[in-house]
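Keep in mind that the numbers below use all heavy atoms, side chains included, and drop hydrogens, waters and symmetry copies. In what follows, every chain begins at residue 1, and chains take the letters A, B, ... in the order their sequences are listed. Please read these numbers as outputs of a predicted model, since none were measured by experiment.
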There are 2 protein chains.
Amino acid sequence: MPSQPAKQDARSKLLDAALTVIRTKGYAATTVDELCAAAGVTKGAFFHHFKSKEALGVAAADYWSEMTNGLFAEAPYHDHADPLDRVLGYVAFRKELLQGGVPDFTCLVGTMVQETYETTPAIRDACDRSISSHAATLEADIEAAIRNRGLTPDWTAKSLALHTQAVLQGAFILAKAKGGAEVAAESVDHLTRYLKLLFTQKMA
Amino acid sequence: MPSQPAKQDARSKLLDAALTVIRTKGYAATTVDELCAAAGVTKGAFFHHFKSKEALGVAAADYWSEMTNGLFAEAPYHDHADPLDRVLGYVAFRKELLQGGVPDFTCLVGTMVQETYETTPAIRDACDRSISSHAATLEADIEAAIRNRGLTPDWTAKSLALHTQAVLQGAFILAKAKGGAEVAAESVDHLTRYLKLLFTQKMA
DNA sequence: CAAAACATACCAACCAGTTGGTATGTTGTC
DNA sequence: GACAACATACCAACTGGTTGGTATGTTTTG
């Protein structure tokens, strides 16, 4: 009966707070005190669960992976019989997620890796794991779509899967610069158009 | 006779230092003291030329625009007679720029806007100006290529120009996550492929 | 009751920004 | 063209608030 938000322990509350605060202000500008205030816990609780701010960053990236894994695993686009439809369905699903404020639909690990890639290897690696493992879930469908269409492309399923992530991450940056989702949605439309062209082209 | 680097004043040295330091560590993690040390000037000089760290951020974004404007204005891809070749030449040029360490080829304003979009409007706007004005330089060639090929697309030249920037910005994020330019280059290859398909398609 | 889960109080280092000052032009005036 | 009046460029030392982290409690739970 009792819902989650009330019964959460300090660790979960801190991780949830980290997702929203870091996505809004970035990792470096987010202070431990701020995280504690947003989570409604004290600093003692913070350092009981995380040995440092950096450790929280790594845990937040892992937590982000868990959350998104669940979200995408349950998304309806997997139901399509045609693997290309699953890939296109994935991208359409990503477009549907572009709702609410910019901090709500942008990517935690994309934000964090920008700030930490040179200075904090542990966080960079956690962000890389998150992005790369998510891209890998697309790779199988792309591979199946290639076989299904009998293509022999000069690109790999892996590089295309990563390209979809590049487009999305770049779309988030434009959304942040312009203060809205519209520009991101248009970039996702271009990605969809590319995928359709790739798999339906009548090449010379 | 005397070369530039020795004769620079404190302001220019600080702006040059800002480009490298902020691209490496991010805006929030970069301290004023660090900037001064990298520029070889004192804090007094810093606050003489910039009224705050935020003001330096804005100035750095404007300085970045100047630098990149010059670089792209003089690039050889403008010489192509065919507008589509100019667009493809631009993307090829961007791929050529993916040399050296990750902090050397990534984008200052893409990095800064991620951290400041919600908290520091002045910097966000400066970054937006930089990205959008750069994209606008592409728009004319795209428009000309559309007319040249007699296309009536369901997308706009502006959205495609912004999409190229999204791909590049996203490619930088992947490069940061993976610690190298290779993944970015592959994404740029996908962008080139998309452009060629868009303009040479035999649609059903 | 023992250990895990939290809270309170505190600290040393750090940070953006200030202060008061010097050195070197530039400008106006007779 | 000499000299006062002012402006610009820069510097070293300092400050007050903030930050990540710690030391030491108290409370809850199995």
Q: Just the rounded figure in Å: distance from C1' of C:dC15 to CD of B:Glu34.
A: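 These atoms are roughly 11 Å apart.
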Q: Any residue in residues 15-29 of chain A with a heavy atom nearer than 4.0 angstrom to DNA chain C? Just list them by number, or reply none.
A: none
Q: Considering only C:dC15, D:dG20, C:dG17, which nucleotide approaches the side chain of A:Thr31 most closely?
A: D:dG20
Q: A:Arg129: what forms a salt bridge (charged side-chain N to carboxylate O under 4.0 Å, His left out) with it, not counting sequence neighbours?
A: A:Asp62
Q: Checking A:Arg149 now: which residues fulfil salt bridge (charged side-chain N to carboxylate O under 4.0 Å, His left out) with it, not counting sequence neighbours?
A: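 By the salt bridge (charged side-chain N to carboxylate O under 4.0 Å, His left out) rule, A:Arg149 matches A:Asp82.
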Q: Mind grabbing the angle between the end helix axes of the helix from C:dC1-D:dG30 to C:dC30-D:dG1? Five pairs an end, 10° rounding.
A: 20°
Q: Pairing donors with acceptors under 3.5 angstrom, does anything connect the side chains of B:Ser65 and B:Asn69?
A: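 No donor-acceptor contact under 3.5 Å links the two side chains.
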Q: Are side-chain heavy atoms of A:Tyr63 and A:Leu14 found at a separation under 4.5 Å?
A: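 The answer is no, as the side chains (C-beta and beyond) never meet within the 4.5 Å cut-off.
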Q: Rounded off to whole Å, could you give me the NZ-to-P distance for the A:Lys13 and C:dA5 pair?
A: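 Spelled out: NZ on A:Lys13 to P on C:dA5 is 14 Å.
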Q: Is the shortest heavy-atom distance from the side chain of A:Pro83 to the side chain of A:Glu143 under 4.5 Å?
A: no
Q: Figure out the CG/P separation between B:Leu56 and C:dC15, and round it to whole Å.
A: 16 Å
Q: List, one per line, each side-chain donor-acceptor pair under 3.5 Å for residues 72-80 of chain B, sequence neighbours excluded.
A:
from, atom 1, to, atom 2, distance (Å)
B:His78, NE2, B:Phe72, O, 2.8

Q: Let me know the distance between NZ of A:Lys53 and P of D:dT18, rounded to the nearest Å.
A: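 Interatomic distance, NZ of A:Lys53 to P of D:dT18: 16 Å.
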Q: Whole angstroms only, please: what is the CG-C1' distance between B:Asp9 and C:dA23?
A: 16 Å
Q: Under 4.0 Å from OP1 or OP2 of C:dA5: is there any side-chain N or O of A:His49 that close?
A: no
Q: Just jot down the salt bridge (charged side-chain N to carboxylate O under 4.0 Å, His left out) partners of B:Glu34, sequence neighbours excluded, or say none.
A: B:Lys25
Q: Rounded off to whole Å, could you give me the CG-to-P distance for the A:Asp33 and D:dG20 pair?
A: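 That distance rounds to 7 Å.
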Q: Could I get the full list of salt bridge (charged side-chain N to carboxylate O under 4.0 Å, His left out) partners for B:Arg86, not counting sequence neighbours?
A: B:Asp141
Q: What pairs meet the salt bridge (charged side-chain N to carboxylate O under 4.0 Å, His left out) rule with one or both residues in residues 91-103 of chain B, with sequence neighbours excluded?
A: B:Lys95-B:Asp189
Q: Near DNA chain C, which residues from residues 36-46 of chain B have a heavy atom under 4.0 Å away?
A: B:Lys43
Q: Mind calculating the distance between CZ (A:Phe47) and P (C:dA5) to the nearest angstrom?
A: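 After rounding, the gap between these two atoms is 17 Å.
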Q: Classify every nucleotide of nucleotides 25-30 of chain D by which part a protein heavy atom approaches to under 4.0 Å, writing B for the base, S for the sugar-phosphate alone and - for neither, in 5'-to-3' order.
A: ------
Q: Less than 4.5 Å apart, any side-chain heavy atom of B:Cys36 and any of B:Thr42?
A: no
Q: Would you say that A:Thr111 contacts A:Lys176 through its side chain, given a criterion of any heavy-atom pair below 4.5 Å between the two side chains?
A: yes
Q: Just to confirm, is there a sub-4.0 Å distance from OP1 or OP2 of D:dC10 to any side-chain nitrogen or oxygen of B:His48?
A: no
Q: Tell me if a side-chain donor or acceptor on A:Thr156 pairs with a main-chain N or O of A:Ser159 at a distance below 3.5 Å.
A: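 Yes.
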Q: Find out whether A:Leu198 and A:Trp155 are in side-chain contact, i.e. whether some heavy atom of one side chain is under 4.5 Å from a heavy atom of the other.
A: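 Heavy-atom side-chain distance check passes, below 4.5 Å.
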Q: Using side-chain contact (heavy atoms from CB on, under 4.5 Å) as the criterion, list what pairs up with A:Phe47, not counting sequence neighbours.
A: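 Counting only residues at least two positions away or on another chain, A:Phe47 forms a side-chain contact (heavy atoms from CB on, under 4.5 Å) with A:Val32, A:Lys43.
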Q: Measure from NZ or CZ of A:Lys53 to the centre of the six-membered ring of A:Phe46 and say whether it is under 6.0 Å with the direction within 45° of the ring axis.
A: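 So A:Lys53 doesn't make the cation-pi contact.
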Q: Check the distance between C:dA4's P and A:Arg11's CZ and give it to me in whole angstrom.
A: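 In whole Å, C:dA4 P and A:Arg11 CZ are 15 Å from each other.
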Q: Using heavy atoms and a sub-4.0 Å distance, could you list which residues of residues 115-127 of chain B are near DNA chain D? By number, please.
A: none
Q: Under 6.0 Å between ring centres: does that hold for A:His163 and B:Tyr194?
A: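 Aromatic pair excluded; centres sit 6.0 Å or further apart.
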